[in-house]
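Worksheet for the structure shown next.
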Amino acid sequence: MCADSFSSEEGGLISKSDFNVCSSVSNGSICCERSSIRSDVCVMKGDVRTDSASSRITLYRNNGHENGEVLQHEKIRPYTRKWEKNVMDTVDELDLVVKGEHSRIHQKCDVKHDVPAVFFSTGGYTGNLYHEFNDGLLPLYITSQQFNKKVVFVILEYHAWWIMKYENVLSHLTEYPIIDFSGDKRTHCFPEAIVGLRIHDELTVNSSLMGNDKTIRDFRDILDRAYWPRIRSLIQDEKREARMNMEKHVSLPSSETKMMTMEEKQDLKKPKVVIIARNDSRAIMNEDSLVKLIEDVGFHVEVLRPQRTTELASIYRVLNSSDVMIGVHGAAMTHFLFMRPGSVFIQIIPLGTDWAAGTYYGEPAVKLGLKYIGYKILPKESSLYDEYDKNDPVLTDPNSVNDRGWEFTKKIYLDRQNVRLNLGRFRKRLLRAYYHSVANESLRFRHQSQ
């Protein structure tokens with residue numbers, strides 16, 4: 001299963017009592033929260049020491065027991081898709097043990113930390129943007145924000161590229177170097193360890209489960225602080241390049257230069273739409289016509305084609321300054337987290353993706369404070385309309401196809417389907433987005449004038 005999975009098993013929400021199980025852990029003991037369908041979390045307090053060679057974390061208890069006696073033993077795979085056995089089997093398992101104090105003489109501390117550690121894996125579906133945020137960054141924020149950056153992250157299945165990709169965000173969650181658990185053979189000692197990450201729901205933070213009432217907007221504030229220094233640097237580079245270009249073209253007539261500037265200024269006054277274009281399946285086949293329609297409605301349009309190598313700060317800059325984001329359902333819709341609350345997210349919903357589109361992106365977008373508009377395509381707007389008989393269940397009853405299993409959903413609706421929008425139908429959604437954007441801008445202007 002992956003970012004576009006459809007299993008209703010994923011619904012398993014967590015009650016507040018689940019997070020209170022290990023709220024007060026006595027020194028020298030391990031407490032594990034295992035009631036959530038999404039993830040297990042264990043808390044260890046006292047003299048905690050790592051041993052990466054044996055995939056073990058040992059807690060030494062001051063109780064006079066003889067050497068080598070294991071007083072408590074827990075196993076955990078610190079990844080947030082617990083219900084999904086196939087992927088969990090690929091995640092490294094840790095042994096958490098409690099031993100008597102006399103055993104510690106055989107395991108000296110190479111590095112002694114005076115702050116807690118959070119252990120988690122960046123294995124599993126890491127490499128997919130949805131999973132990187134939903135299964136990793138958001139749970140990491142939920143689990144670690146209570147420490148106000150006074151926490152060390154210890155990563156299983158460590159990827160240097162993941163650290164580089166999210167270093168701006170990670171620096172707002174911890175002020176300490178990140179440890180590669182299997183790559184660092186030293187014994188690290190901590191006064192406390194949280195093994196595994198807490199997760200609330202799809203791409204969100206449930207304030208009722210947070211001790212300090214943090215919400216998804218607080219997480220987005222961290223993204224804002226994380227990316228703006230880099231964005232300012234990009235803007236300065238562009239200004240410098242523009243000045244150099246101006247110096248090269250000083251021979252242009254001043255009236256022509258002035259006219260170009262006025263056109264640009266006029267365009268900037270319009271509300272801005274960003275289309276997140278897909279590079280594989282579920283592409284918009286009449287994208288050029290869509291762009292023209294959006295311009296005719298009164299928007300300025302930018303088409304964004306994110307690649308794996310595209311710098312997230314660049315994407316954040318584009319979306320943070322836009323009024324509307326449009327895209328076809330898929331992992332790239334995770335970028336709605338980069339939109340300002342109050343802006344508009346239009347998700348184009350291909351055949352067979354209704355539940356996933358709403359659950360993974362539509363509902364979380366509303367929780368962030370976006371105006372969400374779902375555009376469910378008709379069979380004639382799907383490329384599948386040309387492949388199947390008009391009465392085939394693929395077109396008339398997608399739910400029955402999804403009920404046959406994930407492999408059918410993926411093969412038919414995700415990997416082989418493109419969309420050709422009915423621009424007349426879609427225009428109605430654009431008008432709603434336009435009027436909302438204009439009203440929003442007017443409201444912002446009034447607030448700034450007060």
Side-chain angles (χ1 to χ4, degrees), residues 1-10 84 86-87 125 127-131 202 273-294 301 303-308 325-336 345-363 365 372-430:
M1 212 171 285
C2 69
D4 298 298
S5 58
F6 293 77
S7 172
S8 59
E9 290 179 287
E10 298 187 40
E84 216 172 323
N86 287 345
V87 72
Y125 291 132
N128 173 290
L129 188 74
Y130 162 82
H131 289 289
E202 307 300 330
V273 167
V274 174
I275 299 174
I276 303 289
R278 290 184 60 87
N279 301 307
D280 42 22
S281 62
R282 283 163 282 156
I284 302 172
M285 293 187 288
N286 55 343
E287 185 182 286
D288 291 344
S289 299
L290 173 62
V291 169
K292 187 177 185 309
L293 171 65
I294 294 170
V301 188
V303 179
L304 192 61
R305 301 183 188 280
Q307 307 288 335
R308 283 187 180 273
M325 177 179 120
I326 297 174
V328 181
H329 168 70
M333 294 303 94
T334 307
H335 288 118
F336 79 77
F345 169 33
I346 302 178
Q347 181 176 204
I348 297 165
I349 306 170
L351 296 181
T353 66
D354 301 22
W355 182 85
T359 301
Y360 295 145
Y361 306 111
E363 294 168 15
Y372 173 66
I373 300 174
Y375 179 81
K376 182 179 176 181
I377 72 167
L378 299 175
K380 286 186 177 181
E381 294 174 87
S382 171
S383 60
L384 299 175
Y385 192 78
D386 299 323
E387 294 185 36
Y388 291 87
D389 182 85
K390 307 310 176 269
N391 296 315
D392 193 292
V394 166
L395 301 176
T396 62
D397 189 13
N399 287 339
S400 67
V401 178
N402 290 332
D403 288 344
R404 293 166 64 188
W406 164 245
E407 64 276 12
F408 289 96
T409 295
K410 186 177 188 303
K411 179 181 176 182
I412 296 172
Y413 294 122
L414 301 180
D415 295 344
R416 284 176 40 209
Q417 180 175 199
N418 293 318
V419 300
R420 183 178 296 278
L421 298 176
N422 179 324
L423 298 180
R425 286 184 70 225
F426 197 75
R427 186 175 187 274
K428 297 174 183 176
R429 274 69 171 185
L430 286 174

Legend entry - Charged N-O contact under 4.0 Å between Lys292 and Glu287: no

Inset, instruction - Output, in order, the C-alpha distance, side-chain angles, deciding distance and verdict of side chain to side chain contact (heavy atoms under 4.5 Å, CB included) for Asp354 and Asn399. - result: CA-CA 9 Å; Asp354 301 22; Asn399 287 339; over 6 Å; no

Legend entry - Check: Pro398 and Tyr413 side chains under 4.5 Å, non-hydrogen atoms: yes

Inset, instruction - Give a yes-or-no answer on whether the side chains of Tyr372 and Gln347 include a donor-acceptor pair shorter than 3.5 Å. - result: yes

Legend entry - Side chains of Ile326 and Ile348 in contact at under 4.5 Å (non-hydrogen atoms): yes

Legend entry - Inter-residue atom distance Leu290.CG - Arg427.CZ, 0.5 Å rounding: 13.0 Å

Legend entry - Rounded distance [0.5 Å steps], CD1 in Ile284 versus CD in Glu381: 11.0 Å

Inset, instruction - Answer whether the closest heavy-atom distance between the side chains of Tyr388 and Ile412 falls below 4.5 Å. - result: yes

Inset, instruction - Could you walk me through whether Ile349 and Tyr361 pass side chain to side chain contact (heavy atoms under 4.5 Å, CB included), step by step? - result: CA-CA 11 Å; Ile349 306 170; Tyr361 306 111; over 6 Å; no

Legend entry - Main-chain N/O of Ala332 paired with His335 side-chain donor or acceptor, under 3.5 Å: yes

Legend entry - Ring-face cation of Arg429 near Phe426 (centre distance under 6.0 Å, axis angle within 45°): no

Legend entry - Side-chain H-bond candidate by donor/acceptor type, Ser289 with Asn286, under 3.5 Å: no

Legend entry - Beyond-backbone contact of Pro306 with Ile276, side-chain heavy atoms, under 4.5 angstrom: yes

Legend entry - Whether Tyr130 and Tyr360 hold their rings parallel, tilted or perpendicular, with breakpoints at 30° and 60°: tilted

Legend entry - Main-chain N/O of Ser383 paired with Asn418 side-chain donor or acceptor, under 3.5 Å: no

Legend entry - Non-hydrogen side-chain atoms of Arg416 and Glu387 separated by less than 4.5 Å: yes

Legend entry - Heavy-atom pair with the smallest gap, counting every atom of Pro350 and His329: CD-CB, 3.8 Å

Inset, instruction - Return yes if some donor-acceptor pair links the side-chain N/O of Arg305 with the main-chain N/O of Asn279 below 3.5 Å, else return no. - result: no

Legend entry - Polar contact flag, side-chain donor to acceptor under 3.5 angstrom, Gln417-Ser382: yes

Inset, instruction - Determine yes or no for a side-chain-to-main-chain donor-acceptor pair under 3.5 angstrom, with Tyr375 supplying the side chain and Val328 the backbone. - result: no

Legend entry - Any side-chain donor near an acceptor of the partner, Ser281 and Asp415, under 3.5 Å: no

Inset, instruction - First locate atom CE of Met285, then atom CG of Asp288, and finally report the distance between them rounded to the nearest 0.5 Å. - result: 13.0 Å

Legend entry - Cationic N near anionic O, under 4.0 Å, Lys390 to Asp392: no

Inset, instruction - For the pair Arg308 (side chain) and Gly127 (backbone), establish whether a donor and an acceptor sit closer than 3.5 Å, ignoring hydrogens and angles. - result: yes

Inset, instruction - Check the pair Leu395, Tyr385 against side chain to side chain contact (heavy atoms under 4.5 Å, CB included), reporting the backbone distance first and the verdict last. - result: CA-CA 7 Å; Leu395 301 176; Tyr385 192 78; 4.0 Å; yes

Inset, instruction - Specify the closest pair of heavy atoms between Phe336 and Ala365, including all atoms of both residues, with the distance to one decimal. - result: CE1-CA, 3.6 Å

Inset, instruction - Starting from the C-alpha separation in whole Å, work towards a yes-or-no answer on side chain to side chain contact (heavy atoms under 4.5 Å, CB included) for Arg282 and Leu414. - result: CA-CA 7 Å; Arg282 283 163 282 156; Leu414 301 180; 3.9 Å; yes

Legend entry - Donor-acceptor under 3.5 Å (Thr359 side chain, Ala356 main chain): no

Legend entry - Distance-minimising heavy-atom pair for Leu129 and Thr334: CD2-CB, 3.9 Å

Inset, instruction - Drop me the distance from Met325's CE to Leu304's CG, to the nearest 0.5 angstrom. - result: 9.5 Å

